[in-house]
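These notes concern the structure reproduced below.
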Amino acid sequence: TAFFLLICSNVYALNIQHFRPSIDGLGVLRLDRSEPLPVGGFALGVHQNLSHHPLEIGRTVGGTRLDSVVNWYWGWDVWGAIGVFPTLEFGINFPFSVLSEIEDLTAANTHTTSSLGDLELRSKWTILTPEQNTGALGMALVGFVDLPTGDSGDFYGDRSVTGGGK
């Protein structure tokens with residue numbers, strides 16, 4: 001069971017960058033484990049994902065699509081993390097789009113582009129590891145801050161600093 005906390009502020013951009021991988025190599029794709037990396041231990045990795053029609057605007061009429069804003073999106077995440085204390089690790093995620101096919105909102109033209117995403121800084125603080133109790137339960141707080149390095153015009157970033165926790 002996972003508990004998620006999301007703190008929202010005003011939204012200024014549509015962002016198709018939804019994949020937030022586990023960045024310490026201990027979890028599975030998006031699921032973080034409670035255990036941190038050992039002190040001085042590090043992990044590096046790459047994830048990729050391909051989406052067809054990740055952003056559409058309009059209503060469906062008779063089951064047909066009215067308009068796609070982003071037709072194709074092929075994104076990569078290059079990430080790394082390091083254990084700094086027995087219960088604390090820090091990580092970074094650098095997302096970028098190798099290929100996005102985008103339709104301009106002001107015209108019916110489509111163009112293909114590559115974009116940088118918002119740089120994510122993440123920390124994980126372990127509160128309880130499975131080895132510390134008989135129920136084999138673990139608990140950690142994961143906080144993240146996204147810096148606006150992405151291109152909101154390509155729907156691959158926000159215009160301001162965002163963040164949250166889980």
Side-chain angles (χ1 to χ4, degrees), residues 2 4-33 36-37 41-61 63-84 88-124 140-166:
F4 297 97
L5 171 67
L6 180 63
I7 300 171
C8 299
S9 63
N10 293 336
V11 176
Y12 298 103
L14 296 172
N15 189 347
I16 60 172
Q17 183 186 341
H18 295 294
F19 183 67
R20 306 282 183 186
S22 170
I23 60 172
D24 59 9
L26 299 174
V28 178
L29 294 180
R30 291 184 58 150
L31 184 62
D32 289 288
R33 289 184 53 144
L37 289 168
F42 66 93
L44 300 171
V46 175
H47 284 98
Q48 67 172 315
N49 63 88
L50 177 66
S51 301
H52 187 233
H53 299 299
L55 180 59
E56 296 179 332
I57 296 179
R59 298 182 206 189
T60 58
V61 177
T64 59
R65 189 175 294 110
L66 289 180
D67 195 18
S68 290
V69 179
V70 179
N71 296 320
W72 286 98
Y73 158 72
W74 182 21
W76 289 70
D77 291 86
V78 178
W79 53 264
I82 187 166
V84 291
L88 183 67
E89 72 179 33
F90 291 112
I92 189 166
N93 181 30
F94 178 71
F96 59 95
S97 167
V98 176
L99 174 74
S100 295
E101 185 179 287
I102 300 170
E103 182 178 318
D104 295 327
L105 291 177
T106 58
N109 302 341
T110 59
H111 67 277
T112 303
T113 185
S114 298
S115 304
L116 296 177
D118 288 345
L119 185 69
E120 178 186 23
L121 305 176
R122 187 184 299 190
S123 64
K124 179 168 64 173
L141 296 175
V142 177
F144 58 91
V145 174
D146 293 336
L147 304 176
T149 56
D151 188 348
S152 62
D154 287 341
F155 307 106
Y156 201 55
D158 294 307
R159 293 184 193 164
S160 60
V161 174
T162 59
K166 55 182 180 175

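On a predicted model such as this, the values are computed, not experimentally measured, just so you know. All heavy atoms count here, side chains included; hydrogens, waters and symmetry mates do not.
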Side-chain heavy atoms of T112 within contact of S100, under 4.5 Å: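 No. Closest side-chain heavy atoms not under 4.5 Å.
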Side-chain touch L50/W72, heavy atoms, less than 4.5 angstrom: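 In contact.
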Value rounded to 0.5 Å, distance of CD in E101 from OG1 in T113: 11.5 Å
Interatomic distance, I92 atom CD1 to S123 atom OG [nearest 0.5 angstrom]: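 With rounding to 0.5 Å, CD1 (I92) is 13.0 Å from OG (S123).
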By side-chain hydrogen bond (donor to acceptor under 3.5 Å, both in side chains) - contacts of W74 (at least two apart):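 With sequence neighbours excluded, W74 shows a side-chain hydrogen bond (donor to acceptor under 3.5 Å, both in side chains) to Q48, given in chain and number order.
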Do [X] side-chain atoms and [Y] backbone N/O form a donor-acceptor pair below 3.5 Å?
{"X": "D118", "Y": "G150", "result": "yes"}
{"X": "T149", "Y": "G117", "result": "yes"}
{"X": "E89", "Y": "P36", "result": "no"}
{"X": "S114", "Y": "V98", "result": "yes"}
{"X": "K124", "Y": "R33", "result": "yes"}

With sequence neighbours left out, what residues match [X] under side chain to side chain contact (heavy atoms under 4.5 Å, CB included)?
{"X": "F94", "result": "F96, L116, L119"}
{"X": "S51", "result": "N49, P54, Y73"}
{"X": "I82", "result": "F42, V84"}

Closest approach of N93 to V78 (non-hydrogen atoms, all atoms of both residues): OD1-O, 3.5 Å
